[in-house]
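Have a look at the structure below before the remarks.
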Amino acid sequence: MSMPAHRVEEWRSIILRIAGGEDFVCIGDFPDELRRKFDAIGVYYQQLPTIEAINGAVAGKVWVLREVPETEAASKLPTLVNLYQPARLFLEMPEESHSVSHRQIEQAFLSVGYRKSSDYHVDTEYAESCEQGRFHSFVRLAASAPTDGAGDPLRQTGRDADARTFRYHWASQFIRPYDIVLDLKSGTGYGASILGILSPCRKIFGWSEDSQLTEYAQQTYGCESKRLGFETAGLEQLSRLEDESVHCIVLFDSIPVAQDMATFFEQCKRILVPGGRLICSVPNQGCAENPVPTKHACTCEKIIELLSPQFLVERIFVQTAGNESDDSNGQKRSFREVPVPANPAEEAEWWVAVAMKEVRGAGKENFTCHFMPQFNGIDMPQFVNDYNNPWLIYSFVAMGYRATSPSIISEIGKSLLESELETSADYGSALCVLGYRYLENEELESLRTLIPKIEKYISQRHTNGHQHRWRISLEYLLGKIYLKLGDRKRAKESFRNCGYDDCLLFAASLGTKVTESLLLLGWLHYLDKDNESAIAAWQKGLEETQRIFKESDWARFEGRKDLPYDNGYAEMMLVLEYAQKCAAAIHSIRSGVFDSNRMAREIIDDFLPKNIVNSRNIQYMRDHFQHICDYARQLRECIQDQEKHVQDLEGRLQNLGAELNEKGASLKRVEEMSSAQLSYIKSLKEECENKERVLQKIRTKMRGA
């Protein structure tokens with residue numbers, strides 16, 4: 001049965017996440033495209049055509065149900081599930097199916113010892129359409145879990161349960177890698193569980209004033225992960241936590257009554273690190289729909305007024321839970337962002353705020369590189385030595401870590417340009433972050449104002465690694481700015497400056513900017529009908545790639561052996577990709593088999609700036625490795641003999657290219673198995689070394705010939 005390609009990938013991703021690479025059983029339609037995908041990566045599955053075909057052979061498995069649950073079949077499911085007790089149950093509910101409702105499915109499985117999974121809203125969107133539902137995921141309750149799930153929305157159904165669980169799901173996006181998170185008023189522990197499953201935090205502490213709730217949380221969710229811990233403690237005990245000891249505080253619906261709010265927020269500020277976040281919600285004062293007691297309610301103006309003296313108010317959202325009735329004229333469920341300050345007339349049951357502790361003026365006394373521990377002990381410029389305020393890395397510079405509010409980013413950047421020395425790394429970071437912001441938003445006048453400051457920074461003498469890093473980044477950015485402004489001559493000059501700078505004075509990963517600049521420099525020369533200058537630029541790109549890989553310490557890409565830098569190899573692949581494009585460009589011109597359309601397709605088509613991504617993004621790694629394998633023959637060919645022997649080596653390397661592609665396909669399958677990541681990296685190194693030896697033999701034979 002045919003399935004659209006995007007749905008095949010979606011289902012493969014979902015099943016791998018649910019089954020975790022373990023064996024699973026698919027009940028219902030299982031298209032051939034999916035079979036091939038799982039066969040290719042060695043994941044074992046069984047396929048049963050209907051619910052009636054379930055038997056003892058599937059006991060203890062993860063169940064993936066793709067059969068439309070008609071009323072009669074759906075009524076059998078809870079009994080069968082209870083009989084065989086799979087650890088995880090995943091069900092697709094087509095939107096066109098109206099025979100069984102979203103609520104009925106939830107109630108059926110909650111009644112036989114299951115709960116909604118902590119990542120439930122990853123697949124079940126918080127929108128009105130999810131009343132019919134699309135995906136439903138359930139987990140078998142732990143043997144130690146209490147039978148009574150009162151107060152636990154993962155064991156309940158209804159508008160309030162959906163609203164509370166979705167808030168934690170949404171909040172997980174603001175938790176950064178290695179954060180220590182404090183979930184205040186954690187109750188039954190469901191929220192800490194959701195944050196632990198969906199975020200890359202280091203540790204989550206759940207605090208509840210009720211010892212019985214703490215015990216419930218520990219028995220039900222504490223066994224899920226060593227990262228989860230629960231204590232019996234109240235808000236007044238925040239005073240016992242050390243200064244700057246927590247990276248994120250989550251508190252939903254239970255902010256103290258108005259007269260205690262200011263003191264509470266002061267305590268939150270004290271224990272948060274600079275750049276740390278407070279994520280909170282308050283019921284909208286006067287909203288009759290809201291079930292939370294009115295003593296905890298607050299207006300949006302009031303919550304902003306209380307947050308502003310202590311924090312930068314990053315984002316404001318409004319949430320409505322919707323009505324339980326089927327009345328189409330009733331209130332609709334929604335969760336959406338509103339401007340800061342929000343319109344007080346907004347229809348909302350809850351105001352949800354994200355606030356960040358100020359970093360300006362934080363200094364470096366208590367700074368620890370907790371969010372990049374893989375750099376510990378590596379010979380790289382250290383943030384605490386190179387910045388006047390290293391906390392800027394955490395909240396302003398690093399993508400994925402910094403503030404998500406464009407207005408806060410602009411405010412911090414502009415203030416740094418006014419307060420920091422014009423030669424400092426802090427000043428350079430502000431120029432770069434603001435420059436990219438203006439470029440992306442096409443704020444041309446702001447770009448023109450920034451150009452003299454960038455040029456002055458580039459021309460000055462720099463004394464530490466991060467200053468040098470910003471110089472190279474700004475040289476590249478300046479080329480992009482001049483292209484946007486239509487000044488090709490100055491763009492070429494900027495790209496040349498970047499391409500001929502020494503990225504190894506900072507780190508090999510900066511080679512992405514150098515090689516990309518040389519690729520673009522060659523392209524601009526090509527557009528000017530200057531093929532020799534274009535070839536010279538691309539040859540320099542190949543030379544820089546060789547130098548980066550020969551002269552740099554592997555630790556600068558890899559990090560520590562026991563805790564590798566998570567996106568180092570992605571940066572390596574970008575360097576190789578740009579070098580491959582340089583090689584393909586030279587080959588096209590020298591061989592005389594090109595035209596302008598082909599050149600644009602091979603060199604510039606789909607050429608977009610790529611953010612270095614976390615290696616957890618397996619799809620990114622897989623796609624880029626396959627891309628490198630497809631062009632590895634041309635890359636090796638041009639590196640070994642850039643001008644003189646391209647034609648001679650092309651024929652001799654045909655067999656090697658075929659072998660390399662075969663090995664590349666094998667490596668791709670290995671890479672897709674998340675449990676074999678380290679083996680993949682090791683085999684990649686060994687394969688490159690083997691090919692170098694083969695190429696050396698070829699050179700020896702050629703000399704003999």
Side-chain angles (χ1 to χ4, degrees), residues 121 126-128 153 158-175 181-187 190-191 194-195 235 248-269 272 276-323 330-357 403-408:
H121 288 288
Y126 188 79
E128 201 63 27
R159 62 185 293 274
D160 185 51
D162 288 345
R164 288 194 287 161
T165 53
F166 182 78
R167 273 199 293 275
Y168 278 99
H169 164 82
W170 161 85
S172 66
Q173 68 184 293
F174 296 101
I175 296 175
V181 181
L182 178 59
D183 181 20
L184 289 172
K185 296 277 189 177
S186 60
Y190 71 95
I194 293 172
L195 296 178
L235 300 183
C248 183
I249 298 173
V250 180
L251 178 60
F252 288 145
D253 287 346
S254 300
I255 287 179
V257 292
Q259 60 267 30
D260 298 327
M261 282 186 179
T263 302
F264 167 72
F265 288 140
E266 287 175 3
Q267 283 290 339
C268 289
K269 178 183 177 182
L272 281 172
R277 285 190 171 109
L278 171 65
I279 306 173
C280 60
S281 71
V282 291
N284 184 18
Q285 195 170 67
C287 179
E289 294 285 342
N290 206 303
V292 180
T294 56
K295 70 174 183 177
H296 294 295
C298 189
T299 64
C300 186
E301 296 93 327
K302 184 64 176 179
I303 193 67
I304 293 175
E305 176 188 335
L306 290 162
L307 284 170
S308 296
Q310 311 295 343
F311 300 95
L312 299 171
V313 180
E314 195 173 347
R315 312 273 289 277
I316 294 289
F317 294 78
V318 296
Q319 182 180 26
T320 57
N323 294 323
Q331 186 185 45
K332 303 296 184 183
R333 72 171 71 200
S334 68
F335 194 99
R336 56 191 173 82
E337 186 171 8
V338 294
V340 180
N343 182 348
E346 286 280 359
E347 181 179 327
E349 291 182 52
W350 292 273
W351 301 106
V352 189
V354 182
M356 177 175 283
K357 182 176 175 178
T404 58
S405 165
S407 61
I408 288 179

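Every heavy atom of this structure was used, including side-chain atoms; hydrogens, water molecules and symmetry mates were not.
In terms of heavy-atom proximity, Ile316 sits nearest to Cys300 at CG2-SG, 4.2 Å. Trp350 and Ala321 get closest at one heavy-atom pair: CZ3-CB, 3.8 Å. Smallest separation of non-hydrogen atoms from Ala355 and Phe311: CB-CB, 3.6 Å. Nearest heavy-atom pair across Leu272 and Cys248 is CD2-N, 3.8 Å. The shortest heavy-atom contact between Ala403 and Ile408 is CB-CG2, 4.0 Å.
Between Phe335 and Trp170, the ring-plane angle classifies as tilted under the 30° and 60° cut-offs. Between Phe166 and His169, the ring planes lie tilted relative to each other; the angle falls in the 30° to 60° range.
For the pair Asp160 and Pro153, the minimum side-chain heavy-atom distance is 4.5 Å or more. Between Arg167 and Ser281, the closest side-chain pair of non-hydrogen atoms falls below 4.5 Å. Within the 4.5 Å cutoff, no side-chain heavy atoms of Ser172 are placed close to those of Ile194. You'll find the side chain of Arg159 stays beyond 4.5 Å of the side chain of Arg333, heavy atoms only.
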### Task
Decide side-chain contact (heavy atoms from CB on, under 4.5 Å) for Glu349 and Thr320; before the verdict, give the C-alpha distance in whole Å, the side-chain angles of both, and the deciding distance to 0.1 Å.
CA-CA 5 Å; Glu349 291 182 52; Thr320 57; 4.0 Å; yes
### side-chain contact (heavy atoms from CB on, under 4.5 Å) between Phe265 and Ile303, worked out
CA-CA 11 Å; Phe265 288 140; Ile303 193 67; 4.0 Å; yes
### Task
Evaluate the criterion side-chain contact (heavy atoms from CB on, under 4.5 Å) for residue pair Val318 and Trp351; output intermediate values, then yes/no.
CA-CA 5 Å; Val318 296; Trp351 301 106; 3.2 Å; yes
### Query
Given Cys280 and Val282, is the side-chain contact (heavy atoms from CB on, under 4.5 Å) satisfied, shown in steps?
CA-CA 7 Å; Cys280 60; Val282 291; 5.7 Å; no
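Between the CZ atom in Phe264 and the CG atom in Leu278 there is a gap of 6.0 Å [rounded to 0.5 Å]. We find the CE-OG1 distance between Met356 and Thr404 to be 7.0 Å, quoted to the nearest 0.5 Å. Between the CG atom of Leu195 and the CZ atom of Phe174 there is a distance of 12.0 Å, given to the nearest 0.5 Å. From His121, atom NE2 reaches atom OG1 of Thr165 across 3.0 Å, with rounding to the nearest 0.5 Å. Going from atom SG of Cys268 over to atom CG of Leu184 covers 6.5 Å, rounded to the nearest 0.5 Å. Once rounded to the nearest 0.5 Å, the distance linking CD of Gln319 with CG of Asn284 reads 12.0 Å.
Counting only distance, with no hydrogens or angles, the side chain of Glu266 and the backbone of Gln310 share no donor-acceptor pair below 3.5 Å. A distance-only check finds no donor-acceptor pair linking the side chain of Glu337 to the backbone of Arg315 [under 3.5 Å]. The main-chain N or O of Leu251 is never found under 3.5 Å from a side-chain atom of Lys185 such that the two would form a donor-acceptor pair.
Between Asp253 and Arg164 there is no salt bridge, since no side-chain nitrogen of the basic residue lies less than 4.0 Å from a carboxylate oxygen of the acidic one.
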